[in-house]
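Down below is the structure, laid out as structure tokens.
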Amino acid sequence: MIAALVALVGALVYGAADFLGGLAARRLRSIVVTAVAAVSGLVALAALLPLVGGQWHPADVLWGALSGVVGVVAIVLLYACLGIGPMSILSPLTAVITAVVPMSWGLLVQGEAFSTLGYAGLAVALIAVILVGFVPGEKVVRPSLRGLGMALGAGAAIGAFLIILDQTSTTSGLVPLVVNRATNTVITASIVVALIILAHRRGLTMARALAPAGIPVGAAPSGHVDLEHAATAPPHTVRPAGFSPWWLAIGCGVLDAAANLAALLALRSGDLAVVSALTALYPAGTILLAALVLRERVAGVQWAGLLLAITAGGLLAVG
């Protein structure tokens, strides 16, 4: 099934976007990274729109705007998760909910059905999501009810993005994604402007207003984020020389937009349950890039998750 392959590739691209966003957030405030990524993604999608086309149906415009709002809600809840912890529990939980919510919608509401291999693939994918989302090195402690609630809400919001995207018509082309990114841009840019104005009133410079504050994590506009490095990595381990944080944030936005496009194409050629299960494997892209670029060691449990992810992709492709 081509949709499974596209969804799996899209998941890796999501992970790459999160990786760049996390690097940028070491030298820029998190919301600034998200806002810059939203703008760059909007520019990329707007440039593609005349080539790909798409009709501006009112319903599709509304779905696109709603998906943009949902993405911002996911980002807010993820930031709250990082402030509460422990990410050794909340990170894989968020990833699982990201998959389970749209999977359940596809199976129970839309009536999607698969062969035995297909159902086995969904089960293997969920196990892979847990293992890939594992944050190594953190002490395992009991999470608070508030932390669990934030993780569940963040995962549900990210999963809702795929459900919403799946409601758009095939004739809308890129329109829902353009509206999605425009909505992201308006909301996040407004927050950044407010921060700059507030800093000015306090006698602070713009550079101070844009500098990192709190936990350094750069969420992509779609709501995905590199939770592993936000939770465990010290700043000096994730700052490659020679790259401006602005260009890293721009790259994050372009890659996130490309991943959104892959998700849209997969949804329009396949089943929501399959696409959501494979898209939730996005931490795999971050893990692989961290190993290749930063020479980080991949934990054994994460290698197991990566192998299961490949297995799940094969089962879903034929099932």
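Note that the coordinates shown come from a computational prediction; the quantities given were computed from them, not determined experimentally.
Each of Leu272, Asn260, Leu264, Thr98 was checked for a side chain to side chain contact (heavy atoms under 4.5 Å, CB included) with Leu162, and the lone residue meeting it is Leu272. None of Thr183, Asn184, Ile164 except one satisfies the side chain to side chain contact (heavy atoms under 4.5 Å, CB included) rule with Val69; the exception is Thr183.
Checking side-chain atoms of Glu112 against main-chain N and O of Ala273 turns up a donor-acceptor pair under 3.5 Å.
The distance from atom CG of Asp60 to atom CG of Leu174, rounded to the nearest 0.5 Å, is 12.0 Å. For the atom pair CG of Asp271 and CZ of Phe114, the computed distance is 4.0 Å after rounding to the nearest 0.5 Å. For the atom pair Trp246 CH2 and Leu210 CG, the distance stands at 5.0 Å (nearest 0.5 Å). Taking CD1 of Ile75 as the start and OG1 of Thr34 as the end, the distance is 4.5 Å to the nearest 0.5 Å. Of the inter-residue distances, the one linking Gln55 atom CD with Ser172 atom OG reads 8.5 Å to the nearest 0.5 angstrom. To the nearest 0.5 angstrom, Leu307 atom CG is 6.5 Å from Thr311 atom OG1.
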Verify side chain to side chain contact (heavy atoms under 4.5 Å, CB included) between Ile163 and Gln167, making sure each step is shown before the conclusion.
-> CA-CA 7 Å; Ile163 296 175; Gln167 308 309 306; 3.9 Å; yes
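Contact record, Val129 with Ala280: CG2-CB, 3.8 Å, taken as the closest heavy-atom pair. In plain terms, the two heavy atoms of Gly305 and Leu131 that are nearest each other are CA-CB, 3.6 Å.
Between Leu28 and Val36 the shortest side-chain heavy-atom distance does not fall below 4.5 Å. Taking the side chain as every heavy atom from C-beta outward, Ser276 and Met103 approach each other to under 4.5 Å. The shortest distance between side-chain heavy atoms of Thr168 and Arg268 falls below 4.5 Å. Put simply, the side chain of Val293 reaches to within 4.5 Å of the side chain of Phe19, judged on heavy atoms. Considering only heavy atoms from C-beta on, Arg201 comes within 4.5 Å of Ile197 through its side chain. Here the side chains of Val33 and Arg29 are not in contact, with every heavy-atom distance at 4.5 Å or above. Residues Pro245 and Arg26 are not in side-chain contact: their nearest non-hydrogen atoms beyond the backbone lie 4.5 Å or more apart.
Here salt bridge (charged side-chain N to carboxylate O under 4.0 Å, His left out) pairs that include residues 162-181, with residues two or more places apart or in two chains, are Arg181-Asp256.
Note on Val175: it clusters hydrophobically with Leu261, by side-chain heavy-atom contacts below 4.5 Å among ILVMFWY residues. Hydrophobic clustering keeps Val13 apart from Ile310 (ILVMFWY residues linked when any side-chain heavy atoms are closer than 4.5 Å, directly or through intermediates). Side-chain heavy atoms closer than 4.5 Å link hydrophobic residues (I, L, V, M, F, W, Y) into clusters, and following such links, possibly through other members, connects Leu152 to Phe161. Under the 4.5 Å side-chain contact rule for hydrophobic residues, Leu51 and Val179 share a cluster.
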